[in-house]
Structures are given as structure tokens and as C-alpha cells.
**Student:** 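Got a structure for you, written out below as C-alpha cells; questions coming shortly.
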Amino acid sequence: MDQDNFYTMLKNREIMVGIAGGIAAYKTAELVRSLTKKGANVHVVMTKNAMEFVTPLTFQTISGNPVIYNMFELLAGSKIGHISLSDIADQMVIAPATANVIGKVANGIADDFLTTMIMATVVPILFVPSMNTKMWESKIVQDNINKLRDAGYEFMEPASGDLACGWEGKGRMPTVEDILEKMEDIFTEKDLVNERILITAGPTTEFIDPVRCITNRSSGKMGYAIAKIARRRGADVVLVTGRTALPPPRIDVPTIMVTTAAEMREAVMEHFTRATVVIKAAAVADYRCKSQNCQKIKKRHGEEGITLDLSRNPDILAELGENKGKRIVVGFAAESNDLIEHATEKLQKKNLDMIVANDITQSGIGFASDENEVTLIDSTGRTRHVPRLPKDEVASIILDAVKRVIKKKRKVEDDWY
Ligand code: PMT
């Protein structure tokens, strides 16, 4: 995905990247590059040990700012380096964070530029540990991490896999995407913290025979974006998704993969009871084959064509609308003509609180694109047009509208009781 065209909280932020002496330091170059592509102004601070693995020149070139590693460096005039950088910082990330740096900070040691700067920084500081599995599991490292967590520092869990030291296990630096998502998360207001949001995404697939199927062009991007942003905003999120090529939106979003509409219905119903909000961005097949052929259908000589005998799939959203109680139920409508009229009809028929109307005739929006342009319609008939924007941003606007619906619905209920 083009990161320049990406909705982000990192734009125009002053980000301090601390690099300690671990083999994963080379991966930090990609992190710095991604941060600058997202519009952040990045300042890199390296320990002496880090410079055994990577050079300051690399990071100076990528960030466009001088790299600091000298404890007694002055930034400009008589400004003391670690203090003036701390003063302008919006967030600091230490990647890789070694057992040594974690241990030093946990025990109040500030003997180089990086550790001194950490002590002088009051904005959020994210540690991204990377080390040998045995070191990670050691009681001393874990005690130090717990101490720092209690003091308000943020930590990511290392990923598992092959380690540079030959071991296999937990200790790898998380992916750049996961680090960026955590950084975005830190900047995001947790305004959906009391909501349990069930989201569906992607296409459903109905088999004709073992080879062929009926499906649609949904890539899952819209639903995955809503799941990611809702979790970022503090909601407890469950995602039920048809088969897509996308990686799960976040490690802390339980993601249930389904194939058919019947499987989607079953998974949705299982999680519906505890949800406060349901958002159905999935494109569900309305029909399935009456009987599925166990063997591949063969072409017969002289045959003009074949007829598929289809039966209706359950309308999951209609069933949710019927049984919603106090829940907020939001649907999507993908339309090729009379957008508002057809979407409003679905909103009313399925007893929804809001519908997101998608005009699928325009190129570059809707199915499989990175952007979308939609109209939100609520149950009072009020509409809001959302211009063409990255799907993450559209997701955030949809969630703002959901928040307004929640507020209104709960207020009405409170007044009634
Ligand atoms: O996944 P992307 O590539 O990012 O594309 C996003 C999208 C275009 C798929 C998405 O934004 C969208 O519009 N999803 C709804 C598509 C659709 O199936 O619309 P519909 O008008 O057929 O269905 C209306 C609503 O009823 C939808 O919320 C759908 O999930 C639900 N439905 C439909 C049929 C059915 N049997 N059960 C359902 O629950």
C-alpha cells in the first residue's frame, strides 16, 4: 500500500528513535524510512554499541536529520542535546531495546545520550525489545520490564521465530507495520473503550463444485480498516471475515475466517450476544447452489450452456436488525444506481441504525481499492457525504458517526426509563 496516501496520526510529529546495540538495528532503517514517509520528523539517537551494527550515516540520510550518539553533543548554540530533543518530542521509540538499555533505565542509570534522553523525556516512550529468547525470559529482564511498565513506559512483545543467535523462540523485533500501528495507537484517543464491536469483512464464497465458486470482488480492506481503527480507539473488537489476501488487522483483534454465508452467520451469531455494536462491511453472497456437486462438472459435447439451481442464503444483517435490542447495527450497501434510495430501503427493511452507502460504479473506490467515498444515512434519514479518502480515514469517520448514534440511542433510552 502507498504509505504517502495513508491516514496517519504520525504526520508532522517529532519522533525520537533510539537505537541500542542489537542485530535487529538494521531493521530500524526501514522503521525510520516508514516514519518519514508518513510525514513524521525523525531524530535518531544511537548508542555506541548500536554503531557496531549500523552506521549513523545510514540514519542521517534516511531521516534527513543529524544522528546523535555523543553524550556531550550540543544541538544548536548552547542548547543541551538530550534536553532540547526531549522538549520537542511527541513520542519516543527504542528499537531495538536491548536487555542492557532496559536494565539501565529500570535502574536509573543514564550514562550515554540515549539513556539520558529517556530520563529527560515526559512524552510516551515505547520500548521494542529484541534479544535472545533466554535473555528475554530471564527473571531480571522481566522484572525490569514490569518495573518500567508500572512507571508508565509502553512495551511491545517480541515476535517469535528464528533468531540471529541460532535459537528459535521469542525475541525477534516485531515487524515495522506492527511497530507503526503501536505508535499510532499511542497517539490515539481511546474514545471507544466501553464498546464491544463485531465487524464483518470480505467476500463469502459458495461452491458450485470442488473447483468453481460464486463470490464477489470484496478485498476486505474496508472492514479490516474499521476493525483496526476501532481497536486503536480502544474498542474490544472481533472480526469475522471471508477469505482475503490481507494480514490480520492487528494481533489484538480476534479474527475468525469463514468461507460461506452460512459459516459467516454462525460466527456472527456466536459473537452477537456480547456485542454493543455490529458493523457489517462484508459482501455476502445472496445465493448458494441448491446442491453442491462433489465432482467437477464436465463440459458435455453439443451442450449450449448449463443452468445453476440457486437457493437464497440467510440475510444475516436482517436477522441482526430484528434481534438487535439495545445494540447499534450498521450495514453497508453496495449500489450501482439510485444509491440513496436503495440504501435507505435496506436501512428500513433491515431495521438498522445506520447504513454506509457505497457507489460501486466509480473507479478507485469501493471494491478492492485503497480509498472509498460513501454516504452515511442514519435511521432518521439524515445523510452525510464522506468524500474520497483512504479507507482508514473513512473508517474513522464511520466510527465517529457510530459514536453519535450510540450517544443519541442511549440518551433516548435513559430518558425513557
Ligand atoms: O472489501 P473491500 O474491497 O474494501 O470493499 C468494500 C465493500 C464495497 C465490499 C463494502 O464497502 C460494502 O459496500 N459492503 C457491502 C456489500 C454488499 O454486500 O452490499 P449488499 O447491498 O448486498 O448488502 C447489504 C448489507 O446486508 C451488507 O451490510 C451485507 O453485509 C448484508 N448482507 C447481505 C446479504 C446477506 N445474505 N446477508 C447480509 O448480512
Side-chain angles (χ1 to χ4, degrees), residues 8-22 24-25 27-98 100-129 144 147-149 151-156 176 179-180 182-189:
T8 175
M9 308 286 287
L10 292 160
K11 198 169 179 183
N12 299 328
R13 302 284 194 162
E14 299 290 338
I15 303 293
M16 310 299 142
V17 176
I19 309 175
K27 295 182 186 170
T28 311
E30 188 56 36
L31 175 66
V32 172
R33 197 184 78 91
S34 299
L35 283 165
T36 53
K37 280 199 88 181
K38 279 173 174 273
N41 190 20
V42 183
H43 306 267
V44 175
V45 177
M46 296 173 75
T47 64
K48 286 254 152 47
N49 289 340
M51 290 192 291
E52 299 289 332
F53 293 93
V54 282
T55 69
L57 183 61
T58 307
F59 291 94
Q60 182 154 327
T61 311
I62 300 171
S63 70
N65 284 316
V67 172
I68 303 167
Y69 44 86
N70 180 359
M71 171 72 162
F72 302 102
E73 193 124 18
L74 296 178
L75 271 187
S78 60
K79 281 192 176 167
I80 299 170
H82 58 272
I83 305 294
S84 58
L85 269 188
S86 301
D87 284 349
I88 61 160
D90 290 311
Q91 191 180 137
M92 184 168 187
V93 55
I94 321 298
T98 55
N100 181 43
V101 155
I102 293 168
K104 277 192 197 174
V105 180
N107 291 286
I109 298 167
D111 65 350
D112 59 11
F113 195 99
L114 180 60
T115 47
T116 314
M117 191 177 155
I118 293 171
M119 299 293 176
T121 300
V122 291
V123 295
I125 299 182
L126 171 64
F127 283 86
V128 185
N144 285 336
K147 192 172 168 186
L148 290 174
R149 275 202 169 115
Y153 293 94
E154 300 273 353
F155 273 82
M156 288 184 81
V176 168
I179 299 171
L180 293 171
K182 180 72 185 172
M183 294 180 76
E184 300 264 13
D185 196 324
I186 289 170
F187 277 130
T188 306
E189 190 197 340

**Student:** Show your reasoning for whether side chain to side chain contact (heavy atoms under 4.5 Å, CB included) applies to Ile68 and His43.
**Tutor:** CA-CA 8 Å; Ile68 303 167; His43 306 267; over 6 Å; no
**Student:** Looking at every heavy atom in both Gly22 and Thr98, which two are closest together, and how far apart are they?
**Tutor:**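 Scanning both residues, the minimum pair turns out to be N-CG2, 4.0 Å.
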**Student:** Could you tell me whether the side chain of Val123 reaches within less than 4.5 Å of the side chain of Asp90, counting heavy atoms only?
**Tutor:**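 Of all side-chain heavy-atom pairs linking Val123 with Asp90, none is under 4.5 Å.
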**Student:** Holding to ring-ring contact (aromatic ring centres under 6.0 Å, His included), I want the full list of residues that pass it with Phe53, two or more places apart in sequence or in another chain.
**Tutor:**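 Phe53: no ring-ring contact (aromatic ring centres under 6.0 Å, His included) contacts found.
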**Student:** In chain order, what residues pass the salt bridge (charged side-chain N to carboxylate O under 4.0 Å, His left out) check against Lys27, with sequence neighbours excluded?
**Tutor:**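 Per chain and number, Lys27 pairs via salt bridge (charged side-chain N to carboxylate O under 4.0 Å, His left out) with no residue.
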**Student:** CZ of Phe127 to CE of Met156: how many Å apart, nearest 0.5 Å?
**Tutor:**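 Output value for this atom pair is 14.0 Å.
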**Student:** Test Ile125 against Met16 for side chain to side chain contact (heavy atoms under 4.5 Å, CB included), laying out the working first.
**Tutor:** CA-CA 9 Å; Ile125 299 182; Met16 310 299 142; over 6 Å; no
**Student:** Kindly give the heavy-atom pair with the smallest separation between Ile186 and Pro124, and that separation in Å.
**Tutor:**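 In terms of heavy atoms, the two residues are closest at CG2-CB, 3.5 Å.
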**Student:** Quick one: are Thr28 and Pro96 in side-chain contact, heavy atoms under 4.5 Å?
**Tutor:**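 Side-chain contact under 4.5 Å: yes.
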**Student:** For the residue pair Leu57 and Thr61, what are the closest heavy atoms and their distance?
**Tutor:**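 Heavy atoms of Leu57 and Thr61 come nearest at O-OG1, 2.6 Å.
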**Student:** How about Ile19 and Val44: do any of their side-chain heavy atoms sit closer than 4.5 Å?
**Tutor:**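 The answer is yes; the side chains approach within 4.5 Å.
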**Student:** Could you pull out all residues at least two apart from Asn12 that satisfy side chain to side chain donor-acceptor pair (under 3.5 Å)?
**Tutor:**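 For Asn12 there are no side chain to side chain donor-acceptor pair (under 3.5 Å) partners, ignoring immediate neighbours.
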**Student:** Answer yes or no: is there a side-chain heavy-atom contact under 4.5 Å between Glu154 and Asp185?
**Tutor:**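 A side-chain contact is absent here, since even the closest heavy-atom pair is not under 4.5 Å.
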**Student:** Considering the options Val101, Ile94, Ile102, which one meets the side-chain contact (heavy atoms from CB on, under 4.5 Å) requirement together with Pro129?
**Tutor:**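 It is Ile102, the one option of Val101, Ile94, Ile102 that forms the side-chain contact (heavy atoms from CB on, under 4.5 Å) with Pro129.
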**Student:** Is Lys38 reaching over with its side chain to a backbone N or O of Leu10, donor-acceptor style, under 3.5 angstrom?
**Tutor:**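 No, because the side chain of Lys38 does not come within donor-acceptor range (under 3.5 Å) of the backbone of Leu10.
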**Student:** Could you tell me which residues satisfy salt bridge (charged side-chain N to carboxylate O under 4.0 Å, His left out) with Asp112, sequence neighbours excluded, listed by chain and number?
**Tutor:**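 Checked Asp112 against salt bridge (charged side-chain N to carboxylate O under 4.0 Å, His left out); matches are Lys104.
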**Student:** Any side-chain heavy-atom pair from Met183 and Arg13 closer than 4.5 angstrom?
**Tutor:**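 No. Closest side-chain heavy atoms not under 4.5 Å.
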**Student:** Apply side chain to side chain contact (heavy atoms under 4.5 Å, CB included) to Lys147 and Asn107, showing your working.
**Tutor:** CA-CA 9 Å; Lys147 192 172 168 186; Asn107 291 286; 3.7 Å; yes
**Student:** Indicate yes or no: at least one non-hydrogen side-chain atom of Leu114 is less than 4.5 angstrom from one of Met46.
**Tutor:**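 SC-SC contact between Leu114 and Met46 ruled out.
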**Student:** May I ask you to test the Leu31-Leu180 pair for a side-chain heavy-atom distance under 4.5 Å?
**Tutor:**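 Contact flag for Leu31/Leu180 side chains = yes.
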**Student:** Could you report the tightest heavy-atom contact between Met9 and Phe187, atom names first, then the distance?
**Tutor:**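 Where Met9 meets Phe187 most closely, the heavy atoms are CE-O, 3.5 Å.
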**Student:** Which heavy atom in Ala120 sits nearest to a heavy atom in Ser86, and how many Å separate them?
**Tutor:**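 Distance-wise, the nearest heavy atoms are O-CB, 3.5 Å.
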**Student:** Scan for side-chain hydrogen bond (donor to acceptor under 3.5 Å, both in side chains) pairs involving residues 44-56, sequence neighbours excluded, and state none if there are none.
**Tutor:**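 Applying side-chain hydrogen bond (donor to acceptor under 3.5 Å, both in side chains) to every pair that reaches into residues 44-56, excluding sequence neighbours, yields Thr55-Thr58.
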**Student:** Which heavy-atom pair separates Asp111 from Thr116 by the least distance, and what is that distance?
**Tutor:**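 Distance-wise, the nearest heavy atoms are N-OG1, 4.4 Å.
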**Student:** Can you list the residues that meet the ring-ring contact (aromatic ring centres under 6.0 Å, His included) rule with Phe59, with sequence neighbours excluded?
**Tutor:**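 With sequence neighbours excluded, Phe59 shows a ring-ring contact (aromatic ring centres under 6.0 Å, His included) to no residue whatsoever.
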**Student:** Leu126 versus Lys182: any side-chain heavy-atom pair under 4.5 Å?
**Tutor:**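 Of all side-chain heavy-atom pairs linking Lys182 with Leu126, at least one is under 4.5 Å.
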